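Since the structure is predicted, the reported quantities are computational estimates derived from the model, not experimental observations. Whatever order the structure lists them in is the order used to number ligands and atoms, beginning at 1.
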Amino acid sequence: MNSLTLRTPDDWHLHFRDGDMLQETVPATARCFKRAIVMPNLTPPVVNAELATAYEQRILSARPEGSDFSPLMTIYLTDNTTPEVVRAAKEAGVIAAKLYPAGATTNSDSGVTALSNLDATLEAMADIGMLLLVHGEVTSPDIDIFDREKAFIDSHLKAITTNFPKLKVVLEHITTKDSTDFVMAASENVAATITPQHLLLNRNDLLVGGIKPHNYCLPVLKRNTHQAALRAAVASGTHKIFLGTDSAPHEKHKKESACGCAGCYSAWSAIELYAQVFEDLGVLDKLEAFASEHGPKFYGLPLNEGTIELVNESWQIPENIALPNGDNIVPFFGGQTINWKLKP
Ligand code: NCD
Ligand code: ZN
């Protein structure tokens with residue numbers, strides 16, 4: 001197959017950051033995605049309607065000339081997110097709220113310390129149709145980092161989905177067989193996103209032959225049996241799993257550091273990397289539904305009208321991207337060759 005035409009896809013989980021960085025990140029995503037769910041983990045976090053609306057305007061201003069890209073805004077749940085806060089956010093067009101267990105990942109210090117603080121808020125979200133997006137990892141120091149996703153499902157997510165059956169929940173960036181099993185067995189109100197890195201890599205790609213900081217993200221890459229389960233899940237074509245890159249830029253010096261940041265900046269090659277995975281799995285025919293249909297159907301949004309074209313042409317992902325502030329980012333898979341390329 002030499003070319004592949006897809007309904008224009010959306011990215012159901014990414015980090016744009018703020019300020020100057022938007023000049024880099026917004027065009028990178030808008031080159032092929034029509035919409036993206038924008039994560040609220042800025043410093044300080046986007047915790048209410050007012051902050052979300054102001055952030056949305058900054059993103060819209062960073063769109064390239066002529067782009068019709070639409071950010072889909074989220075707010076960040078804290079111990080103080082009241083039902084009134086989520087109702088006001090919904091009225092302002094915010095479609096989801098993100099749960100970061102406090103301390104789980106980049107800029108999550110203001111996250112939720114005890115889920116029991118949020119019962120009334122989750123009830124209100126279920127009532128008004130606001131989705132709950134979950135970073136599914138526990139943070140207790142006695143739980144091994146490779147077990148934190150499973151522990152979150154067992155100790156929190158099962159209770160959330162049982163106690164709030166009407167709440168729509170997306171378990172973001174799943175990394176384990178435990179998560180695919182959980183999502184597949186859960187109700188129609190539970191879905192998941194998967195990143196390119198968790199489909200392409202396993203923890204050997206992080207740790208064997210020297211530590212690879214640009215493959216470090218959270219939840220951390222898992223063993224190859226989990227990677228195989230994620231690949232099998234997308235190959236099955238299930239409507240419960242859809243595209244969410246978790247593209248999460250950090251400057252090169254913050255990744256290549258004695259205490260390196262978590263996050264892979266995949267926006268410049270995201271759809272192409274997914275195409276490569278689906279080709280490797282022999283299921284290119286299932287890419288369009290994963291990238292462009294399952295997500296909007298779960299969120300209750302219309303499918304995009306336009307199309308993109310991918311051509312079967314080898315190209316090398318750049319090793320470095322210069323930022324407007326003079327800093328640099330090493331993109332995910334930088335320097336590697338991939339087989340599919342978005343036709344401009
Ligand atoms: C994300 C970031 O840098 O904001 N990092 C990551 O490794 N995925 C946060 C997140 O989604 O966990
Ligand atoms: Zn993320």
Side-chain angles (χ1 to χ4, degrees), residues 10-19 21-22 24-25 28-29 33 36-47 55 59 71-77 96-112 131-139 145-146 148-149 152 169-176 179 191-201 203 205-206 211-222 230 242-257 259-267 270 273 295 323 327 329-333:
D10 304 299
D11 186 347
W12 298 96
H13 180 129
L14 71 69
H15 303 265
F16 274 143
R17 313 302 188 206
D18 206 352
M21 186 76 109
L22 295 177
E24 160 58 32
T25 54
T29 287
F33 294 112
I37 290 278
V38 179
M39 288 296 126
N41 63 331
L42 305 182
T43 23
V46 177
V47 291
Y55 186 31
I59 294 166
L72 302 173
M73 304 310 292
T74 65
I75 56 167
Y76 181 116
L77 292 172
K98 178 74 190 277
L99 170 65
Y100 288 103
T105 186
T106 310
N107 300 340
S108 62
D109 296 348
S110 321
V112 174
L131 284 85
L132 176 70
L133 314 182
V134 179
H135 184 109
E137 288 191 289
V138 296
T139 55
I145 189 166
F146 292 101
R148 289 179 172 198
E149 188 172 278
F152 184 89
V169 179
V170 184
L171 183 54
E172 300 290 345
H173 42 51
I174 59 171
T175 64
T176 57
S179 287
T193 55
I194 305 192
T195 73
Q197 63 267 26
H198 292 103
L199 291 168
L200 285 160
L201 305 179
R203 66 194 190 182
D205 300 296
L206 177 66
I211 193 157
K212 312 287 186 329
H214 300 292
N215 291 344
Y216 175 57
C217 65
L218 287 170
V220 72
L221 295 170
K222 303 297 189 302
L230 301 178
F242 38 87
L243 185 156
T245 62
D246 197 16
S247 184
H250 294 276
E251 287 101 339
K252 180 176 174 168
H253 67 94
K254 292 189 181 152
K255 297 279 297 169
E256 298 178 8
S257 153
C259 183
C261 291
C264 301
Y265 183 47
S266 58
L273 289 170
L323 290 175
D327 241 311
I329 299 185
V330 177
F332 180 61
F333 251 53

Among all protein heavy atoms, pick out the one at the shortest distance from [atom]; state its residue, atom name and that distance to 0.1 Å.
atom	answer
atom 12 (O) of ligand 1	T105 OG1, 2.7 Å
atom 5 (N) of ligand 1	A262 O, 3.1 Å
atom 8 (N) of ligand 1	D246 OD2, 2.7 Å

Between atom [atom1] of [X] and atom [atom2] of [Y], what is the distance when rounded to the nearest 0.5 Å?
X	Y	atom1	atom2	value
S257	E251	OG	CD	12.0 Å
I174	T193	CD1	OG1	7.5 Å
T245	I37	OG1	CD1	11.5 Å

Any nitrogen or oxygen of [X], side chain or backbone, less than 3.5 Å from one on ligand 1?
X	value
N41	yes
C217	no
Y100	no
A248	no

* Asked: Where the Zn ion (ligand 2) is the centre, what is the OD1-to-NE2 angle for D246 and H15, rounded to 10°?
  ->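 Answer comes to 90°, rounded to 10°.
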
* To do: Assign the ring pair Y100 / Y76 to parallel, tilted or perpendicular, where the plane angle (0 to 90°) is split at 30° and 60°.
  =>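 Plane angle between 30° and 60°, so tilted.
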
* the Zn ion (ligand 2) to H173: any N/O/S contact under 2.8 Å? ->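 So H173 does not bind the Zn ion (ligand 2) by this criterion.
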
* Verify whether one side chain among T176 and K222 offers a donor that lies under 3.5 Å from an acceptor in the other. =>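 Checked: T176/K222 side chains show no N/O donor-acceptor pair below 3.5 Å.
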
* Does ligand 1 have an atom under 4.0 Å from some heavy atom of M39? ->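 It does not, in that no heavy atom of M39 comes within the 4.0 Å cut-off of ligand 1.
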
* Is it true that E172 lies under 4.0 Å from ligand 1, counting heavy atoms only? ->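 No, that is not the case, since the closest heavy atom of the residue is not under 4.0 Å from the ligand.
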
* Asked: Taking atom 3 (O) of ligand 1 as the point of reference, which of R17, H15, H135 owns the nearest heavy atom?
  ->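 Checking each option, the heavy atom nearest atom 3 (O) of ligand 1 is found in R17.
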
